[in-house]
2 protein chains.
Amino acid sequence: MEITLSKTRLEFIETVGRMCQQLGLPRSIGQIYGLLYLSPASLSLDDIAEQLSISKGSASTGTRQLASWQAIKQVWVPGDRRDYFEAVGNLRDLLESIYRNYFKPKLEKGGRKLDSLLATLEEERQQGAVSPEDYAFFKERLDNIARLEDRISRVLPIAEKLL
Amino acid sequence: MEITLSKTRLEFIETVGRMCQQLGLPRSIGQIYGLLYLSPASLSLDDIAEQLSISKGSASTGTRQLASWQAIKQVWVPGDRRDYFEAVGNLRDLLESIYRNYFKPKLEKGGRKLDSLLATLEEERQQGAVSPEDYAFFKERLDNIARLEDRISRVLPIAEKLL
DNA sequence: TTATTCGTTCAATCGCAATTGAACGATCCT
DNA sequence: AGGATCGTTCAATTGCGATTGAACGAATAA
């Protein structure tokens with residue numbers, strides 16, 4: 001594999017890389033996905049590292065991350081013991097997977113944290129560590145978050161289906 | 001203003017700070033919002049800096065950022081020339097504002113970038129810089145993104161209303 | 001067996017963005 | 001007027017996480 005990338009692919013890789021960066025994800029992950037998404041053929045780890053001029057280590061961790069999100073998948077090439085990768089082209093599925101594996105767990109974690117905070121607040125009230133007025137204020141604000149979280153976790157799956 | 005924060009507030013501040021960090025935003029911004037969100041009284045810049053043990057500079061830039069997102073607002077306290085801040089308690093409105101001021105512009109920017117990429121691709125085709133097969137592949141994949149972007153920008157406002 | 005060729009790991013490095021803090025101009029007070 | 005108290009700015013610093021690259025074990029080939 002010894003190709004030079006067209007301008008379109010180079011720009012695309014750069015764009016997806018920047019997008020990831022802005023989302024707080026490693027740029028290399030975006031670059032890898034961008035490269036694979038516009039790759040007619042599946043690529044090996046070394047292909048990826050070479051085309052993007054990144055280390056094999058980065059390519060390895062990046063591909064594993066992307067695979068865990070089901071954004072890319074490994075494909076088996078008979079007669080070659082190397083791992084080959086290709087992007088999951090169906091972005092609709094990808095989005096669904098990101099929601100399920102990324103957003104949903106975070107929402108649930110947030111919900112649990114909120115419960116623990118409400119418990120702490122209750123504790124403090126019983127100990128008299130907060131005034132009744134403060135307690136009422138804190139309670140209402142925390143409840144507001146809980147309600148929003150509830151609605152979000154109800155609406156997101158619907159929005160998902162509407163896509 | 002010389003209060004000590006209750007355990008509930010401290011934990012909440014930490015949590016929101018971490019959330020922001022994970023989203024690629026400055027932790028201090030989350031801390032400021034968390035502090036204000038669970039603050040019965042509005043706070044001055046110095047209050048914020050002191051309670052969070054951050055510099056006045058951070059507090060200044062952080063509050064301005066948050067205000068630009070309409071996550072917090074300045075309130076005028078008669079007889080005091082300092083700026084006071086309080087959190088916008090209505091999270092539903094906050095979400096709407098974030099969508100309008102943050103997501104929507106990014107979606108639109110992405111759309112424009114995609115158009116420019118398609119133009120580049122067309123150019124390369126005419127110059128024979130890409131094979132017909134590659135062209136077809138690139139075209140289809142880029143079109144897929146455009147279609148998804150379209151659906152997203154149509155569904156998001158609906159989901160917004162459903163909240 | 002030994003020699004390659006894989007992918008992974010992890011300590012060290014690097015780069016970027018958050019944070020600091022001093023200097024500044026503006027505004028208010030006396 | 002001068003002095004005090006605001007908020008902002010920006011160059012310097014810091015801290016964090018992405019990235020590197022060498023070392024490693026495993027699997028294959030000779």
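Here the structure is a predicted model, which is why all the values come from computation and not from measurement. Both backbone and side-chain heavy atoms feed into the values below; hydrogens, waters and symmetry mates do not.
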DNA chain C: 5'-proximal contact among B/Ser53 and A/Ala59 (nearest heavy atom):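 The residue mapped nearer the 5' terminus is A/Ala59.
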
Find the distance between [atom1] ([X]) and [atom2] ([Y]) and round it off to the nearest 0.5 Å.
X        : Y       : atom1 : atom2 : result
A/Glu160 : A/Glu96 : CD    : CD    : 5.0 Å
A/Lys73  : A/Leu36 : NZ    : CG    : 12.0 Å
A/Gln22  : B/Leu23 : CD    : CG    : 13.5 Å
A/Gln31  : A/Leu52 : CD    : CG    : 5.5 Å

Positional range of nucleotides in DNA chain C within the contact set of chain B, heavy-atom, under 4.0 Å: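 The contact span of chain B on DNA chain C goes from C/dA18 to C/dC28.
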
By salt bridge (Lys or Arg N to Asp or Glu O under 4.0 Å) - contacts of A/Lys104 (at least two apart):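 A/Lys104: no salt bridge (Lys or Arg N to Asp or Glu O under 4.0 Å) contacts found.
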
Partners meeting salt bridge (Lys or Arg N to Asp or Glu O under 4.0 Å) with B/Asp143 (sequence neighbours left out): B/Lys139

Qualifying side-chain hydrogen bond (donor to acceptor under 3.5 Å, both in side chains) pairs, either residue in residues 53-62 of chain B, two or more places apart: none

Cation-pi, B/Tyr37 ring and A/Arg141 (6.0 angstrom, 45 degrees): yes

Verdict with supporting geometry, A/Glu124 and A/Tyr135, side-chain hydrogen bond (donor to acceptor under 3.5 Å, both in side chains): CA-CA 9 Å; A/Glu124 292 199 304; A/Tyr135 169 80; over 6 Å; no

Close N/O contacts between protein and nucleotides 15-19 of chain D (under 3.5 Å):
from, atom 1, to, atom 2, distance (Å)
D/dT19, OP1, A/Ser28, N, 3.3
D/dT19, OP2, A/Ser28, OG, 2.5

Close N or O pairs between protein and nucleotides 5-7 of chain D (under 3.5 Å):
from, atom 1, to, atom 2, distance (Å)
D/dT5, O4', B/Arg81, NH2, 3.3
D/dT5, O2, B/Arg81, NH1, 3.2
D/dT5, O2, B/Arg81, NH2, 2.6
D/dG7, OP1, B/Asp83, N, 3.0
D/dG7, N7, B/Lys56, NZ, 3.2

Touch class at under 4.0 angstrom, heavy-atom based, for B/Thr63 against every strand present: nothing

Donor-acceptor contact below 3.5 Å, side chain B/Asp134 vs main chain B/Val130: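 Looks like no, no N/O pair under 3.5 Å.
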
